[in-house]
Amino acid sequence: MDKNYYKENDDMIWENAPDESSYIWRYSQNPIFDMKKSEHFWHICNSAAVMVNGEYVGVFRCENKSGTPDLYVGKSKDGANWELQTTPIVFYNQDGSVFEKPYCYDPRLIKIEGVYYTVFCADIEGPSIYIAKTVDFKRFEMIPTGFLPFNRNGVLFPEKINGQYVMLNRPSDSGNTPFGNIYISYSNDMVYWGNHKLLMKNFHNEAYWERIKIGAGPTPIKTDEGWLLIYHGVQATCNGFTYSVGVALLDLEDPSIVKCRANRYLLTPEEVYEVTGFTPNCIFPCSAITDSNGRIAIYYGAADTTMGIAFTTVDKLLEFVKKFNA
């Protein structure tokens, strides 16, 4: 991989694997938020982080003590201990007015050509994908809405491909969608989106861990062999949904082509903070920080209550997706 592509992340948080045979391993200090000690928030989950000038900045899904989800800026020196603002982000429309929404959630944070884009879901006459941009994490400006309800899990690629912006998304319904496949869409200006194509269907090759629905997670990771896509898959059980993590490899020049896709999960809820909480049995990845040596730190929501970090590498994910490709 291009050593300069992820060089700005070379001082990222990291722990070595306790077992060299592991494909992925959890941070020893998980979860990174103790909600019992939180004065302002009920839950902090499903959030995204990036590195800026050697420090960490994130856009966090936080639910206040009344239970309303909104997006908040957070900062950290080490990637594990975070200070979150206690007032939600104010998003501004192009005319200077405030973007009004009842609530919003599940952000992704993507840097493209020096601009940071927050892609999130808001329920305005149904859930849909919205995009805001910032250069300083102080002022966030909305880009005119390009998607109709109902849609979720919007994830931008970190660069233009063949001159176009590329977004992964998951058409849905108005509720806790009992179905779902990942689509890929293209835009010349990030306003008008089209050329929508089905990328990946759920229940691939009878993989029951993703039988109900799938959705893109962090922004895809660029490698010499293609774009690594970390995504979530959902199984239905007698006690509700279980959200696990999978991995696929998309073509570098044409990401609408799936080169490999593992038919087994990469990570599934097993720890107490993942299996118990507001939404039990849920791991929901929203960001993955990658450095020039191919190390990866994945930030994920745990049980819609708190957050954890998991570590892996580009080489391990490539090995995994090829070994279990089906």
Side-chain angles (χ1 to χ4, degrees), residues 12-49 56 58 60-67 69 72 74 76 78-84 105-107 153 176 207-215 217-218 230-247 262 264-289 296-312 316-317 320:
M12 60 177 257
I13 186 172
W14 179 256
E15 278 188 348
N16 290 323
D19 180 350
E20 288 300 318
S21 65
S22 300
Y23 288 109
I24 192 168
W25 55 99
R26 292 168 174 85
Y27 180 42
S28 63
Q29 302 303 307
N30 279 351
I32 61 174
F33 295 106
D34 184 350
M35 300 315 304
K36 292 180 181 178
K37 296 180 179 179
S38 176
E39 178 182 356
H40 301 283
F41 300 120
W42 187 24
H43 305 134
I44 304 170
C45 60
N46 305 3
S47 306
Y56 298 79
F60 287 81
R61 169 184 169 170
C62 303
E63 296 173 9
N64 61 25
K65 296 290 186 174
S66 70
Y72 298 74
S76 173
D78 59 10
N81 298 286
W82 290 84
E83 293 185 5
L84 273 57
Y105 52 98
D106 296 355
N153 297 309
N176 191 1
Y208 275 81
W209 71 270
E210 55 165 41
R211 182 171 65 91
I212 301 301
K213 54 186 174 181
I214 56 176
I230 298 167
Y231 67 98
H232 68 261
V234 183
Q235 165 68 303
T237 74
C238 295
N239 293 319
F241 287 154
T242 295
Y243 284 70
S244 303
V245 180
V247 62
R264 58 172 283 182
Y265 62 78
L266 177 69
L267 192 69
T268 198
E270 294 173 320
E271 300 296 328
V272 171
Y273 55 88
E274 298 164 349
V275 301
T276 61
F278 189 65
T279 304
N281 302 310
C282 181
I283 292 179
F284 196 91
C286 281
S287 68
I289 298 177
I296 302 170
I298 301 169
Y299 286 82
Y300 66 90
D304 277 1
T305 302
T306 184
M307 289 184 62
I309 303 172
F311 300 104
T312 184
K316 285 183 177 292
L317 290 188
F320 180 89

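Just so we're clear, the structure is a prediction, and the values are computed from it rather than from any experiment.
Taking CD from Glu274 and OG1 from Thr279, the interatomic distance works out to 13.5 Å, rounded to the nearest 0.5 Å. Put simply, OG1 on Thr312 and CD1 on Ile230 are 7.5 Å apart, with the number rounded to the nearest 0.5 Å. In this structure, CD1 in Ile13 is found 4.5 Å from CZ in Phe311, a value given to the nearest 0.5 Å. Once rounded to the nearest 0.5 Å, the distance linking NE2 of His43 with CG of Asn64 reads 11.0 Å. Interatomic distance, Ile44 CD1 to Asp304 CG, rounded to the nearest 0.5 Å: 13.0 Å. Rounding to the nearest 0.5 Å gives a distance of 6.0 Å between SG of Cys282 and CG of Asn46.
Of all the heavy atoms in Thr306 and Met35, the pair that sits closest is CB-CG, 4.3 Å. Heavy atoms only, all atoms of each residue included: Pro285 and Tyr300 are closest at CA-CB, 3.8 Å. Taking all atoms of both residues into account, the shortest heavy-atom contact from Trp209 to His232 is CZ3-C, 4.5 Å. Between Phe320 and Tyr265, the shortest heavy-atom contact is CZ-O, 3.5 Å. Closest of all the heavy-atom pairs between Asn153 and Phe284 is OD1-CZ, 3.4 Å. In plain terms, the two heavy atoms of Ala303 and Thr276 that are nearest each other are CB-O, 3.3 Å.
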- Might you work through the side-chain contact (heavy atoms from CB on, under 4.5 Å) test for Ile24 and Ile298, ending with a clear yes or no? CA-CA 10 Å; Ile24 192 168; Ile298 301 169; 4.0 Å; yes
- Evaluate the salt bridge (Lys or Arg N to Asp or Glu O under 4.0 Å) criterion for residues Arg61 and Glu63: first the C-alpha distance (whole Å), next the side-chain angles of each, then the deciding distance (0.1 Å), finally the verdict. CA-CA 7 Å; Arg61 169 184 169 170; Glu63 296 173 9; 2.8 Å; yes
- Pair Tyr299-Phe60, side-chain contact (heavy atoms from CB on, under 4.5 Å): steps then yes or no: CA-CA 11 Å; Tyr299 286 82; Phe60 287 81; over 6 Å; no
- Task: Using the side-chain hydrogen bond (donor to acceptor under 3.5 Å, both in side chains) rule, take Thr237 and Asn239 through it: C-alpha gap first, then chi angles, then the decisive distance, then the call.
- Result: CA-CA 5 Å; Thr237 74; Asn239 293 319; 5.1 Å; no
- Item | Test log, rule side-chain contact (heavy atoms from CB on, under 4.5 Å), inputs Ile32 and Tyr27 | CA-CA 9 Å; Ile32 61 174; Tyr27 180 42; 4.1 Å; yes
- Verify side-chain contact (heavy atoms from CB on, under 4.5 Å) between Leu84 and Phe33, making sure each step is shown before the conclusion. CA-CA 11 Å; Leu84 273 57; Phe33 295 106; 4.1 Å; yes
Residues 266-273, side-chain donor-acceptor partners within the protein, below 3.5 Å, at least two apart:
| residue | atom | partner | partner atom | Å |
| --- | --- | --- | --- | --- |
| Thr268 | OG1 | Ser244 | OG | 2.6 |
| Tyr273 | OH | Asn30 | ND2 | 3.2 |

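Looking at Gln235 and Tyr243, their side chains never bring a donor and an acceptor atom within 3.5 Å of each other. With hydrogens and angles left out, the side-chain atoms of Asn176 and Lys213 include a donor and acceptor closer than 3.5 Å. In this structure, a donor-acceptor pair under 3.5 Å is present between the side chains of Glu210 and Tyr231.
Within the 6.0 Å centre-distance limit, the rings of Phe41 and Tyr72 are counted as a close aromatic pair.
A salt bridge is absent between Glu39 and Lys37: the closest approach of a Lys/Arg side-chain nitrogen to an acidic carboxylate oxygen does not fall below 4.0 angstrom.
Listed for the Lys316 side chain is a donor-acceptor partner under 3.5 Å among the backbone atoms of Ser22. Put simply, the side chain of Ser47 gets close to the backbone of Cys45: a donor and an acceptor are under 3.5 Å apart.
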